[in-house]
Trainee: 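If you scroll down you'll find the structure; I have some questions about it.
Counting from 1, the numbers follow the sequence of the chain as shown.
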Amino acid sequence: MEMSLWAESQCTIFDILIYYVIASFKRRSMDNHRVQEMMLLMASKIRAIANTISDADVEKLLAELLNAKRIYVIGAGRSGLVAKAFAMRLMHLGLQAYVVGETITPALNTGDTIVVFSGSGRTKTVADIAETAKDIGAHICLITSNAESRIGRISDCIVIIENQRDEVEDDALEFEIRQMMGDHKSFAPLGTLFETASMIFADAVISRLMEITKTDENALKNRHTNIE
């Protein structure tokens with residue numbers, strides 16, 4: 001995109017900065033970038049992703065979380081780490097939240113909600129559990145890059161976080177395996193910004209829930225672990 005087009009669209013100073021960072025990437029070899037430049041480019045990508053997320057989908061997710069008897073979270077690989085961080089913040093908020101697979105996680109029942117973090121929406125182990133949860137009567141909320149997926153087809157609400165990730169030639173191939181093998185085209189580590197964007201999205205959801213429930217930060221601090 002030429003700079004004149006950016007000026008015509010009344011872009012912000014941040015947009016102009018990102019334009020020059022991206023232009024710099026195009027001029028230089030891929031083995032000679034400052035870490036700070038990588039951060040700025042990632043930030044620009046996440047900003048673009050945020051602008052594509054549907055308000056209606058987010059509102060539906062918020063309603064599911066607020067109306068759930070209990071909230072369970074699940075994900076594999078790096079997505080699993082994002083899920084655990086989300087569960088911790090839900091607990092700090094005063095909601096009953098559990099991580100699927102932990103030894104103290106109670107039985108799931110009708111009226112519970114399971115939040116699934118899965119870029120592909122078809123990771124076998126996660127999809128198997130999601131289908132079991134659906135059979136039990138739980139609601140399924142999917143955070144994904146692929147709504148038209150095995151988990152997507154059974155979900156009650158779906159939030160698309162990033163819909164331009166690298167394509168997978170073999171639909172049966174798990175997303176995390178492809179990442180670890182380094183089969184990617186984009187600039188981001190392991191070929192995707194899904195986990196990073198999902199983490200920021202999950203924290204933003206917590207901030208919105210704090211507003212809705214009128215919960216201040218002191219209440220969260222009171223529920224923070226004190227035996228570390």
Trainee: Mind listing the closest non-hydrogen atom pair of Arg78 and Thr196 along with its distance?
Mentor: NH2-OG1, 4.0 Å

Trainee: Applying salt bridge (Lys or Arg N to Asp or Glu O under 4.0 Å), name anything that partners Glu59, two or more places apart in sequence or on another chain.
Mentor: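 By the salt bridge (Lys or Arg N to Asp or Glu O under 4.0 Å) rule, Glu59 matches no residue at all.
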
Trainee: Should Ile129 and Ile154 be counted in the same cluster of Ile, Leu, Val, Met, Phe, Trp and Tyr side chains packed under 4.5 Å apart?
Mentor: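 In one cluster: no.
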
Trainee: Are the side chains of Val100 and Leu108 in touch, meaning some heavy atoms are under 4.5 Å apart?
Mentor: no

Trainee: Answer yes or no: is there a donor N or O on one side and an acceptor on the other, between the side chain of Tyr72 and the main chain of Ala107, under 3.5 Å?
Mentor: yes

Trainee: Please name the pair of heavy atoms, one in Ala83 and one in Gly75, separated by the smallest distance, quoted to 0.1 Å.
Mentor: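 That closest heavy-atom pairing would be CB-N, 4.1 Å.
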
Trainee: For the pair Thr105 (side chain) and Gly101 (backbone), establish whether a donor and an acceptor sit closer than 3.5 Å, ignoring hydrogens and angles.
Mentor: no

Trainee: Under the salt bridge (Lys or Arg N to Asp or Glu O under 4.0 Å) rule, collect the residues that match up with Arg150, sequence neighbours excluded.
Mentor: Asp128, Glu131

Trainee: Using modelled atom types only, decide if a donor and an acceptor are shared between the side chain of Ser149 and the backbone of Gly121 within a distance under 3.5 Å.
Mentor: yes

Trainee: Once side chain to side chain donor-acceptor pair (under 3.5 Å) is applied, what residue pairs with a partner in residues 151-161 remain, sequence neighbours excluded?
Mentor: Lys134-Asp156

Trainee: Atom CG in Leu90, atom CD1 in Ile71: separation rounded to 0.5 Å?
Mentor: 5.0 Å

Trainee: Would you call Thr213 and Leu93 a side-chain contact if the rule is heavy atoms closer than 4.5 Å?
Mentor: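 Yes; the side chains approach each other to less than 4.5 Å.
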
Trainee: For a quick test of reading the model, state the closest non-hydrogen atom pair linking Asp216 to Met210 and the distance between them.
Mentor: C-CE, 4.0 Å

Trainee: Determine which pairs satisfy salt bridge (Lys or Arg N to Asp or Glu O under 4.0 Å) with at least one residue from residues 62-71, sequence neighbours left out, and list them in order.
Mentor: Arg70-Asp112

Trainee: Walk me through it: do Arg34 and Glu37 pass the test side chain to side chain contact (heavy atoms under 4.5 Å, CB included)?
Mentor: CA-CA 5 Å; Arg34 297 169 64 235; Glu37 289 175 333; 3.9 Å; yes

Trainee: Heavy-atom count check: over 12 atoms from other residues, nucleotides or ligands less than 6.0 Å from Asp135 CG?
Mentor: yes

Trainee: Look up atom CZ in Arg47 and atom CG in Asn51, then write down how far apart they are to the nearest 0.5 Å.
Mentor: 6.5 Å

Trainee: Compare every heavy atom of Ser120 with every heavy atom of Asn146, then report the nearest pair and how far apart it is.
Mentor: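 Closest heavy-atom pair between Asn146 and Ser120: ND2-O, 3.1 Å.
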
Trainee: Is there a side chain to side chain contact (heavy atoms under 4.5 Å, CB included) between Ile158 and Ile160 once you walk through the steps?
Mentor: CA-CA 6 Å; Ile158 302 175; Ile160 301 296; 4.0 Å; yes

Trainee: Is the shortest side-chain heavy-atom distance between Leu61 and Phe201 below 4.5 Å?
Mentor: yes

Trainee: Phe194 and Ile143: which non-hydrogen atoms are nearest, and at how many Å?
Mentor: CZ-O, 3.3 Å

Trainee: Once rounded to the nearest 0.5 Å, what's the spacing between atom CD1 of Ile151 and atom SG of Cys141?
Mentor: 12.5 Å

Trainee: Is it the case that atom CD in Glu148 sees more than 12 heavy atoms from other parts of the structure closer than 6.0 Å?
Mentor: no

Trainee: State, to 0.1 Å, how close Ala133 and Ile114 come at their nearest heavy-atom pair, and which atoms those are.
Mentor: CB-CG2, 4.0 Å

Trainee: Please check if Ile46 and Leu81 belong to a single hydrophobic cluster, counting links between Ile, Leu, Val, Met, Phe, Trp and Tyr side chain heavy atoms closer than 4.5 Å.
Mentor: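 Looking at the clustering, Leu81 is in a separate group from Ile46.
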
Trainee: Using the test side chain to side chain contact (heavy atoms under 4.5 Å, CB included), find all partners of Ser54 that sit at least two apart in sequence or belong to another chain.
Mentor: Ala56, Asp57

Trainee: Atom CD1 of Ile49 and atom OG of Ser44: how far apart are they, to the nearest 0.5 Å?
Mentor: 9.5 Å

Trainee: What about Ile136 and Ile74, same hydrophobic cluster or not, with Ile/Leu/Val/Met/Phe/Trp/Tyr joined at side-chain heavy-atom distances under 4.5 Å?
Mentor: yes

Trainee: Drop me the distance from Thr110's OG1 to His139's NE2, to the nearest 0.5 angstrom.
Mentor: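 Thr110 OG1 to His139 NE2: 8.5 Å, rounded to 0.5 Å.
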
Trainee: Mind checking salt bridge (Lys or Arg N to Asp or Glu O under 4.0 Å) for Lys84 and listing every partner two or more places apart, or none if nothing turns up?
Mentor: Glu102

Trainee: Just wondering, do Tyr98 and Ile104 contact through their side chains at under 4.5 Å, heavy atoms?
Mentor: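 SC-SC contact between Ile104 and Tyr98 ruled out.
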
Trainee: Check for me, please, whether Ile53 and Leu209 land in the same ILVMFWY cluster - side-chain distances under 4.5 Å, paths through other members count.
Mentor: yes

Trainee: Is there a chain of hydrophobic side chains (I, L, V, M, F, W, Y, each step under 4.5 Å between heavy atoms) that links Ile200 to Phe86?
Mentor: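 In one cluster: no.
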
Trainee: Could you grab the distance from atom CG of Asp203 to atom OG of Ser198, nearest 0.5 Å is fine?
Mentor: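 Output value for this atom pair is 11.0 Å.
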
Trainee: Less than 4.5 Å apart, side chain to side chain, heavy atoms only: is that true for Val159 and Thr144?
Mentor: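 With C-beta onward as the side chain, the pair stays apart.
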
Trainee: When you measure from the side chain of Thr215 to the backbone N and O of Glu211, does any donor-acceptor pair fall under 3.5 Å?
Mentor: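 No, because the side chain of Thr215 does not come within donor-acceptor range (under 3.5 Å) of the backbone of Glu211.
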
